[in-house]
Amino acid sequence: MSEIRTRFAPSPTGHVHIGNIRVAIFNWLFARHTGGRFLLRIEDTDQQRSTPAACRTLIEAMEWLGLNWDEPPLYQSARREAHLAAAERLLASGHAVREDKGGTGRGECIVFRMPGCDIEFDDLVKGRLRKAAADLKDFVIVRSDGHPVFHLANVLDDIEMGVTHVIRGDDHVENTFRHIALFRALGAPVPRYAHLPMIVNAQGKPYSKRDGDAYVGEFRDRGILADALFNYLALLGWSPGDGRELMTRTEMIEAFSLDGVQASPARFDMTKLLWMNGEYMRRLPPMERLDGHLRDLRAHGLDPDPAELLRVLEVMQDRIKVFSDTAAQTRYFFSDEYPVDAAAWRKRVARPGVLPALDELRRRWAEAGEWSAASLEAMLKATAAELQRPAADLIHAVRLAVSGTPAGPGLFAMLEVLGRDRVLRRLGRAIERASAVSASHDG
RNA sequence: GACCCCAUCGUCCAGAGGUCAGGACACCAGGUUUUCAUCCUGGAAACACGGGUUCGAGUCCCGUUGGGGUCGCCA
């Protein structure tokens with residue numbers, strides 16, 4: 001019984017908040033670090049919200065993040081009889097009484113009597129916490145409609161599961177005094193407690209429904225990698241102490257300790273998460289990223305051949321930092337319909353002397369024997385030299401003409417992937433458009 | 001209002017009485033790159049305030065201010 005057992009005990013709703021999932025991460029890390037067990041309890045006693053779909057959402061989120069549990073999950077709703085039986089025992093032992101609390105006329109409920117002494121405990125992150133008896137009030141453990149209340153169910157299930165360390169959100173500290181009294185009245189050992197500070201939004205305020213980007217599913221949909229989110233969340237309120245930030249699961253497990261947990265709330269910083277996601281992204285082989293990129297492209301009405309996408313990813317290198325940026329950054333590889341940066345166009349294409357040069361280049365590339373990055377580059381430079389223009393002028397113009405944007409991968413690698421047909425077609429189209437514009441200006 | 005908790009660069013963390021208060025993200029400047037991203041170099045940037053304790057305080061104590069949590073027959 002000296003084995004450490006932690007648990008994550010969410011009440012399933014359709015959404016899993018990042019604050020909650022971070023609690024799960026800390027429980028998981030602590031269990032894995034100590035060689036203990038990480039358990040899952042689903043507190044599904046709220047009939048309205050705890051739908052099967054909500055439970056599925058929760059489990060999916062945990063699986064996505066790799067938060068595996070070591071024993072079959074306990075569904076709190078299945079424990080009702082046990083909860084009620086325990087309430088009877090508390091009644092019998094005099095720890096609880098039946099009464100119409102507050103005289104509501106709703107009938108009798110079961111009220112737990114606080115022991116009347118001060119209660120204190122050593123919180124693993126906040127230190128010694130104490131509450132005077134006068135500030136501790138009796139509370140309902142079974143409602144007049146016969147339903148067990150959270151406090152009772154929670155404590156009883158922790159006993160049932162043999163939980164040794166309760167790691168939960170800061171918002172539970174006040175409950176802990178009552179829970180400790182309950183454990184004692186029930187004759188069960190009191191677990192150790194660790195209360196994690198809350199995560200607040202960019203404004204430093206507690207998260208509310210109005211805040212976007214706060215549900216685990218939204219991060220996944222947006223293309224954030226599970227490992228990146230896990231790593232980022234683990235670092236919110238905890239650090240290994242030696243400055244390491246990008247860490248593997250193994251490294252985090254090895255370094256994790258509740259001593260290193262911050263007692264003050266942490267602000268969620270999307271920018272840093274995005275940076276971290278980029279770091280994880282670039283370490284991923286293209287083959288492994290394929291699905292994520294494909295999903296974004298399809299969501300934007302593009303459906304490229306995987307082999308072609310692979311070549312595109314190759315030339316894009318680490319420019320795409322989150323899956324959801326894929327279509328925006330690579331559309332021109334898969335479709336002739338892509339936006340054109342008007343300001344850049346004016347600056348690099350609609351310039352005197354550029355059009356004839358582009359036209360000459362198009363003629364030479366049309367007759368090129370070999371369509372490779374190296375030969376294309378050689379031909380462009382030769383052309384520029386002969387026309388006595390800086391190669392950069394042509395390079396920029398061609399880039400705009402074939403991709404519509406001034407930013408992107410190395411031009412020649414890009415041209416090679418684009419292929420001769422598309423490049424010549426777009427060059428032609430660009431020349432046409434540019435001369436039409438300049439003609440109208442002249443007239 | 002009562003009870004409790006918290007307080008180091010803009011943000012996340014280091015700092016367990018003696019450090020030029022360190023790192024990361026973001027930001028700014030320069031370099032590399034045909035562009036962008038990457039990469040490299042450099043820079044600006046913090047101990048909330050006031051009292052103590054101490055030879056010495058970001059570190060300990062008290063107060064102030066500011067932020068947060070809880071005060072349900074919700075979980």
Side-chain angles (χ1 to χ4, degrees), chain A residues 9-13 43-46 48-50 76 99-102 104 106-111 123 125-127 129-132 134-137 139-151 153-154 169-178 195 197-200 202 204-206 232 235-246 259-276 278-279 282 316-321 325 329 341 344 348 377 380-381 384 390-400 403 405-412 414:
Chain A
S11 55
T13 67
E43 303 204 334
D44 56 346
T45 50
D46 184 333
Q48 320 325 338
R49 294 190 302 170
S50 303
Q76 190 159 71
E99 67 172 74
D100 179 3
K101 192 168 188 284
T104 59
R106 270 189 276 178
E108 289 192 327
C109 56
I110 302 180
V111 177
D123 189 277
V125 344
K126 302 173 93 73
L129 262 22
R130 178 199 316 258
K131 201 83 171 174
D135 296 317
L136 263 7
K137 292 189 293 189
F139 59 98
V140 174
I141 53 177
V142 178
R143 285 194 278 269
S144 52
D145 66 3
H147 281 93
V149 167
F150 161 75
H151 304 291
N154 190 269
D170 232 353
D171 50 339
H172 282 294
V173 296
E174 304 290 329
N175 291 334
T176 300
F177 298 99
R178 311 204 244 198
H195 287 96
M198 316 254 77
I199 296 181
V200 295
K205 296 290 175 190
Y232 178 72
L235 253 29
L236 233 39
W238 172 76
S239 91
D242 56 13
R244 278 181 298 167
E245 294 204 313
L246 288 164
D259 297 335
V261 175
Q262 206 79 13
S264 52
R267 211 175 278 226
F268 185 87
D269 182 0
M270 191 61 195
T271 307
K272 186 148 187 179
L273 203 214
L274 250 17
W275 163 77
M276 192 166 271
E279 292 297 310
R282 69 155 76 183
M316 285 301 286
Q317 290 181 40
D318 55 15
R319 288 177 175 79
I320 305 173
K321 299 210 163 39
D325 280 352
Q329 285 189 46
D341 183 323
R348 323 237 72 144
E377 179 168 5
L380 181 142
K381 284 184 170 158
D393 281 9
L394 270 183
I395 289 170
H396 292 308
V398 172
R399 174 185 295 286
L400 257 300
S403 76
T405 163
L411 178 66
F412 302 104
M414 177 175 118

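B:A48 and B:C55 have their C1' atoms separated by 27 Å, with the value rounded to a whole Å. Going from the P atom of B:A26 to that of B:U32 covers 22 Å, rounded to whole Å. Using atom C1' as the reference point in both B:C60 and B:C40, the two lie 44 Å apart (nearest Å). Using atom P as the reference point in both B:C25 and B:G43, the two lie 16 Å apart (nearest Å).
Looking at heavy-atom distances under 4.0 Å, A:G204 makes no contact with the nucleic acid at all. A:H151 comes within contact range of at least one nucleobase, with a heavy-atom separation under 4.0 Å. Base engagement by A:E245 is indicated by at least one non-hydrogen atom pair under 4.0 Å involving a base atom. At the heavy-atom level, A:L274 lies nowhere under 4.0 Å from the strands shown. Residue-level contact check: A:G237 touches the backbone only, with heavy atoms under 4.0 Å from sugar-phosphate atoms and none from bases. Residue contacts shown for A:H172 include a base, since a base heavy atom lies under 4.0 Å away. Contacts of A:Q262 with the nucleic acid, taken as non-hydrogen atoms under 4.0 Å apart, involve only primed sugar atoms and P, OP1 or OP2. Using a 4.0 Å heavy-atom distance criterion, A:L236 is classed as a sugar-phosphate-only contact. Residue contacts shown for A:G408 include a base, since a base heavy atom lies under 4.0 Å away. Residue A:D318 is classed as a base contact, given a heavy-atom separation below 4.0 Å to a base.
Across all strands shown, the partner of B:G1 is B:C71, judged by Watson-Crick or G-U wobble contacts whose two distances both fall under 3.5 Å. With both pairing distances under 3.5 Å, B:A48 is matched to B:U64 as a Watson-Crick or G-U wobble pair. A 3.5 Å limit on both hydrogen-bonding distances identifies no Watson-Crick or G-U partner for B:A21. In this entry B:A29 has B:U41 as its Watson-Crick or G-U wobble partner, both defining distances falling under 3.5 Å. When Watson-Crick and G-U wobble pairs are counted only if both distances are under 3.5 Å, B:U54 pairs with no nucleotide at all.
Applying the 4.0 Å criterion to OP1 and OP2 of B:C73, one finds that A:K101 has a side-chain N or O inside that range. Not one side-chain nitrogen or oxygen of A:R399 sits closer than 4.0 Å to the OP1 or OP2 atom of B:C36. Note on A:R282: a side-chain N or O is less than 4.0 Å away from OP1 or OP2 of B:C39. In this structure, A:R143 reaches the B:A75 phosphate: one of its side-chain N or O atoms is under 4.0 Å from OP1 or OP2. One finds no side-chain N or O of A:Q329 lying less than 4.0 angstrom from the OP1 or OP2 phosphate oxygen of B:C36. For A:K205 and B:G68, the shortest distance from a side-chain N or O to OP1 or OP2 is below 4.0 Å.
Positionally, the nearest nucleotide of RNA chain B for A:A263 lies more toward the 5' end than for the other of A:G260 and A:A263. Residue-to-nucleotide proximity on RNA chain B shows that, of A:W238 and A:M198, the 5′-proximal contact is made by A:W238.
Counting only heavy atoms from C-beta on, A:W275 has its side chain closest to B:A26 among B:G68, B:U38, B:A26. Minimum atom distance to the side chain of A:D269 is reached by B:C25, of the listed B:A7, B:A75, B:C25. Minimum atom distance to the side chain of A:P265 is reached by B:C6, of the listed B:C6, B:A75, B:C13. When distances run from any side-chain atom of A:T271 to the nucleotides B:C13, B:C25, B:G68, the shortest one goes to B:C25. Residue A:H396 places its side chain closer to B:U35 than to any other of B:A37, B:A75, B:U35.
The nearest whole Å value for the distance from the OH atom in A:Y232 to the P atom in B:A26 is 12 Å.
Counting distance only, with no hydrogens placed and no angle test, the side-chain atoms of A:S144 and the base atoms of B:C73 include a donor-acceptor pair under 3.5 Å. For a distance-only test at 3.5 Å, the side chain of A:K272 qualifies as a donor-acceptor partner of the base of B:A24. One N or O donor and one acceptor, one from the side chain of A:R319 and one from the base of B:C36, sit under 3.5 Å apart. The base of B:C73 sits with one of its N or O atoms less than 3.5 Å from a complementary donor or acceptor on the side chain of A:D100.
With respect to A:H195, the side chain to side chain donor-acceptor pair (under 3.5 Å) criterion is satisfied by exactly one of A:T176, A:D171, A:D170: A:T176.
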